Amino acid sequence: MGQFTRKILKNRWIIIASVIVLTLFFGYQTRFISINSDIVSSLPDDDPAALLFKNIGNQFGGNEMGMIVLESDNVFKNDLLQHVKQITDSLKITHGVSTVTSLTNILDIKSTEEGIEIGKLVDEYNLPDNQSQLDSLKSYVFSKEMYKGAIVSEDGTATVIMFTLLPDADKQAVAKGIKEKIEAFNLPERIYFGGLPFMLNDVSDLIISDIVWLLPIVFIVIALILYFSFKSLRGVLMPLLTAGIAVIWTIGIMVTAGHELTIILNIVPIILLAVGSAYTIHVINSFNVSKTTDINQTIIKALGYVIIPVVLAAVTTAIGFVSFVLGAYLTMIRDFGIFTAIGVMVSLILAIFFVPALTSVFSKNDNKKTADLTEKKTILSHVILQPLSNLLFKHPKYIFSIWGILMVISIVGMFLIKTSTNMADYFKKDNPTRISEDLMQKKFGGSFPVFVVFDGDVQSPEVLKTMIKTGQFMKQDPNISITQSVADLIEQMNDAMLEGEKIPDDRTKIEQLWFLLDGQDIMPQLVSEDLDRGIIQSKFASVENKEIEAFTKKMQQFIEENSNENCKIELTGMPSVYVRLNDSLIKSQFSSLLIALVLVVLIVGMIFRSISKGIYATIPIIATILVLFGFMGFTGIPLDIATVLVGSIALGIGIDYSIHFISGFNAHLKENGDAEKAIEKTLLSSGKAIIINVTSVAAGFLVLLFSQLVPLQNFGLLVAISMFGSGLGSLTLLPVILILANRKRKIIAN
C-alpha cells in the first residue's frame with residue numbers, strides 16, 4: 001500500500017492536471033442537458049400497457065390530453081363565449097396540437113322537421129349575444145348528457161377546453177407555449193391548466209428550480225458541518241471540491257451518453273454532494289489522526305490505514321445503486337442506478353488519488369500536531385463516545401432488546417405502506433397545478449384519459465352494442481361520469497330520427513347514419529380509417545390508487561367476459577399505466593433490495609475473509625431499513641417513484657458505517673488481542689468519523705425537505721432518517737452483538 005501511495009505522490013501533478021482537464025470537458029457538456037419529466041416514457045418499450053397506450057395515440061391523433069378551464073359566476077355570457085372561442089382558435093393553430101374541443105366548436109346532433117341535423121352546438125361566427133339566446137343555449141346544454149358535466153360544469157360556473165397533442169409533439173414545450181400564450185391574453189376569468197402535458201411542464205420547471213437553489217444550500221450546510229467537525233480550511237474545501245467535481249463528471253457523462261434529466265436523476269447531484277464527500281471525509285480524518293512532521297509520510301501512513309475501508313464502503317454503496325439496474329422495471333430508475341453508481345466511483349477515485357495529490361502539493365511539513373483536533377477529539381469522546389461505550393458494556397442485553405422491540409413494531413407498520421404513482425401527488429396541496437387537478441376532478445370528472453379499444457367491424461350492430469354495453473358498465477364506477485364513442489353518436493342520430501336511442505339491428509341502417517357522420521372532425525378520434533378499430537374515450541376522476549386498481553380490476557373482468565373473436569376488447573389509458581407503474585414499484589423495491597443485500601454480504605465477507613462479519617455488518621442496516629419502512633407505514637408516506645429508492649440507498653450508504661467499525665475493530669484486535677478493548681477503542685476512534693459522516697450526509701438530504709416536489713421531500717426525510725438509524729446501529733447494535741458474541745465465546749471456552 002505504501003508503494004501505491006508513493007506512485008500517487010510521484011505523479012501528483014499529472015493527477016491534478018488530468019482532473020482539471022476532465023472537469024472542464026464534462027462541465028462544458030452539462031450545457032446541453034435536457035429534462036424529461038414524463039413517467040410513461042420510463043416504461044419499457046415492450047410493456048403491454050405502455051405499448052397499447054402509445055399505439056392509440058398514434059392511430060387516433062394523440063392520447064395526451066390537456067384541459068383549460070375558464071371559471072366565472074356564469075358561463076353563459078357573450079364575453080365569456082368570445083374568450084372560449086379565442087382560446088379555441090389559438091389552440092387550433094398551435095403546432096403540435098391534434099384536436100380541440102370546446103363549447104364553441106363541439107359537435108351537436110339534433111332532430112329537425114327535415115329529419116336530422118349534424119352541426120355545431122353554436123355558430124362560432126355568430127355567438128349568442130342576447131339574454132334570450134343565452135338562456136336557450138343554457139337550457140339546451142343542460143338537457144343533454146354529452147354536454148352537462150363534460151363541457152360545462154353542472155353548476156354552470158365553469159367550462160373546459162380540451163385538446164390532444166400529436167404523438168411526436170414535444171409535450172412539455174407545447175404545453176409551456178400554450179400556457180404562456182393564454183396567460184398573455186389577460187382574460188378576466190379564473191383560468192386553470194390541467195392534464196398530463198401541463199403537469200409534465202410544471203414538473204420540469206420545479207426540477208430546474210430545485211437544482212438552482214437547493215444545490216447551493218446543500219453546499220453551505222455540508223460546509224458548516226465540516227467546519228465545526230474539522231476546524232480547518234482543508235477539512236471544508238476538500239470534501240466539497242471532490243463532491244462538486246464528481247457531480248460535474250457524472251452529469252457530463254450522462255449528457256454525453258445521450259440521457260435526459262428526469263424527476264429521479266434530478267436528485268443525483270444532491271446525493272453525490274452528500275455521499276461523495278464521505279470518502280474524502282474519512283481520508284482527511286485519517287490524515288489528521290496519522291499526522292507526522294512530514295506531510296508525505298502522513299499521507300502514506302493515512303492511506304495505508306483508510307484505503308481498504310473507504311474502497312469497500314464505496315463499492316458497497318455503488319452496489320446499492322447498481323441493484324436498481326438489475327432489479328428495477330422503470331428505465332428512469334435503472335438510469336438512476338447506473339449514473340449514481342458512476343458518481344460514487346468517481347468520488348472514490350478522487351478521494352484516493354486527487355485528495356492525496358492536492359494535499360501533497362498545497363500542504364507544508366509541520367512540526368506541531370493540531371491542538372484543535374486533540375481538544376475536539378477529547379470533547380467528543382467525553383460527551384458522546386465514552387459514555388456510550390460505558391452504556392454498551394454495562395447493558396448490552398437491554399440495548400439489544402430495545403432494537404428487537406423497535407423492529408417488531410416496525411414490521412407491523414410495514415403492512416400499512418401505500419403506493420402512489422399519480423403525478424398529481426407530486427405537487428404540494430397549495431401548488432397551482434394541484435389546485436387545477438382538484439378542480440378538474442370536482443367539476444369535469446378528472447383529467448386522466450381512459451381508452452377502451454375494440455378490434456372488429458365497427459359498423460356491425462354487435463360491435464356497436466358491445467361499445468354501448470361497455471360504456472354503461474364503465475359509468476357504474478363513481479369515477480367515470482362521461483363516455484364517448486361512435487356508438488353513442490349512432491344512438492343519438494337514431495334517436496333524432498325518432499327511432500329510439502339505441503343501436504339499429506340492421507347494418508344497412510347503421511351505414512346510412514354513418515354516411516351523415518363522415519367528414520366530421522370527431523370521427524378520426526373515435527374510429528380507425530379502415531373501420532376495423534374503435535375506441536371509447538373517457539376520464540377517470542380519482543387519484544387514489546385503491547380506486548384506480550379497483551376500476552382496472554373490474555374492467556379486466558368485464559373484458560374477459562365480453563371479448564370474443566368478432567370483437568376483441570382491451571383497456572388502456574392513464575389508470576392502466578398507473579397500475580402498471582404501481583406493480584413495478586413494489587417489484588423494484590423487493591428485487592433491488594434483495595440483490596443489494598446478497599451482494600453486500602458476499603463482498604464484505606470476502607474482503608474481511610469471513611461471511612459472519614459480512615452478516616454482522618448488514619445487521620444494523622437491515623434493522624434500520626425495517627424501522628424505515630415501519631415509519632413510512634405509520635406516517636402514511638407512500639412508496640412512490642422516489643421513495644422506492646430509499647431501501648437500497650440506505651443499504652448501500654448505511655453499510656459504510658458498519659464497514660468502518662468492523663475494519664477498526666479488526667485493526668485494534670490485532671494490536672492487543674482483547675475484543676472488548678478493541679470495541680472500546682473502535683468506538684472512540686472510528687466513532688468520530690462515523691458521527692461526522694452521518695451528520696453531513698443526513699443534513700445534505702434534509703435539504704430536500706425544501707424541494708417543490710413532494711416525493712423528493714419524502715425521499716430526503718427518509719434517507720436522512722436511515723443515515724441516523726444506520727449510524728446509530730453501527731455504534732450501538734453492532735458493538736452490542738460483538739460484545740455478546742465475545743462473552744459467549746469466553747463462557748464456552750471456560
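What you see is a predicted model, and the numbers here were worked out from it, not measured in a lab.
- By the 4.5 Å heavy-atom criterion applied to side chains, Leu683 and Leu731 are counted as neighbours.
- In this structure the side chain of Ile8 reaches within 4.5 angstrom of the side chain of Phe4, judged on heavy atoms.
- Remark: side-chain polar atoms of Thr618 are paired, donor with acceptor, to backbone N or O of Ile615 under 3.5 angstrom.
- Distance CG/Leu728 to CD1/Ile721: 13.0 Å, rounded to 0.5 Å.
- The distance from atom OG of Ser707 to atom CD1 of Ile270, rounded to the nearest 0.5 Å, is 7.5 Å.
- Between the side chain of Ser389 and the backbone N or O of Gln386 there is no donor-acceptor pair closer than 3.5 Å.
- For the atom pair CD1 of Ile33 and CE of Met254, the computed distance is 6.0 Å after rounding to the nearest 0.5 Å.
- The line from CG of Leu240 to OG1 of Thr280 is 9.5 Å long, rounded to the nearest 0.5 Å.
- Side chain of Arg334 to backbone of Thr331: no donor-acceptor contact under 3.5 angstrom is found.
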Pair Tyr28, Leu24 - check side-chain contact (heavy atoms from CB on, under 4.5 Å), show working. CA-CA 6 Å; Tyr28 179 77; Leu24 290 174; over 6 Å; no

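- Rounded to the nearest 0.5 angstrom, Phe706 CZ and Asp210 CG are separated by 12.0 Å.
- With a 4.5 Å cut-off on side-chain heavy atoms, Ser360 and Ile299 count as touching.
- Taking all atoms of both residues into account, the shortest heavy-atom contact from Leu669 to Ala678 is N-CB, 3.7 Å.
- Counting only heavy atoms from C-beta outward, the side chains of Leu705 and Leu717 approach each other to under 4.5 Å.
- Closest of all the heavy-atom pairs between Ile248 and Thr30 is O-CG2, 4.1 Å.
- With hydrogens and angles left out, the side-chain atoms of Ser204 and Gln172 include a donor and acceptor closer than 3.5 Å.
- Taking CD1 of Ile662 as the start and OH of Tyr657 as the end, the distance is 15.0 Å to the nearest 0.5 Å.
- Panel note: side chain Ser730, backbone Gly727; a donor-acceptor pair is recorded below 3.5 Å.
- Considering Leu639, Thr643, Leu704 in turn, Thr643 is the only one that fulfils the side chain to side chain contact (heavy atoms under 4.5 Å, CB included) rule with Asn714.
- Closest approach of Val255 to Gln29, counting heavy atoms only: CG1-O, 3.3 Å.
- Within the 4.5 Å cutoff, the side chain of Leu718 has heavy atoms near those of the Phe631 side chain.
- The side chain to side chain donor-acceptor pair (under 3.5 Å) search around Thr317 returns Tyr279, Asp656, not counting sequence neighbours.
- Within the 4.5 Å cutoff, no side-chain heavy atoms of Phe321 are placed close to those of Phe339.
- Remark: Lys301 pairs with Ser290 by the side chain to side chain contact (heavy atoms under 4.5 Å, CB included) rule, at least two apart or across chains.
- Looking at Phe665 and Ile679, their side chains come closer than 4.5 Å, going by heavy atoms from C-beta outward.
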Would you check, one step at a time, whether the test side-chain contact (heavy atoms from CB on, under 4.5 Å) holds for Thr624 with Ile621? CA-CA 5 Å; Thr624 299; Ile621 193 59; 4.1 Å; yes

Quick one: do Val736 and Thr732 satisfy side-chain contact (heavy atoms from CB on, under 4.5 Å)? Show the steps, please. CA-CA 6 Å; Val736 160; Thr732 58; 5.5 Å; no

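- The two atoms that bring Val322 and Ala341 nearest to each other are CG2-CB, 3.6 Å, heavy atoms only.
- Not one N or O on the side chain of Thr242 forms a donor-acceptor pair closer than 3.5 Å with the backbone of Ala351.
- Minimum heavy-atom separation, Ala699 to Val221: CB-CG1, 3.4 Å.
- When atom types are taken as modelled, the side chain of Ser209 and the backbone of Asp205 share no donor-acceptor pair closer than 3.5 angstrom.
- Between Gly647 and Ile625, the shortest heavy-atom contact is O-CD1, 3.6 Å.
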Please step through side-chain contact (heavy atoms from CB on, under 4.5 Å) for the pair Val283 and Ile352, ending with a clear verdict. CA-CA 8 Å; Val283 170; Ile352 292 175; 5.7 Å; no

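- Note: Trp249 and Phe26 have tilted aromatic rings, judged against thresholds of 30 and 60 degrees for the angle between ring planes.
- Without hydrogens or angle criteria, Thr695 side chain to Ile691 main chain gives a donor-acceptor distance under 3.5 Å.
- Under the 4.5 Å side-chain criterion, counting only non-hydrogen atoms from C-beta, Ile271 is not in contact with Val719.
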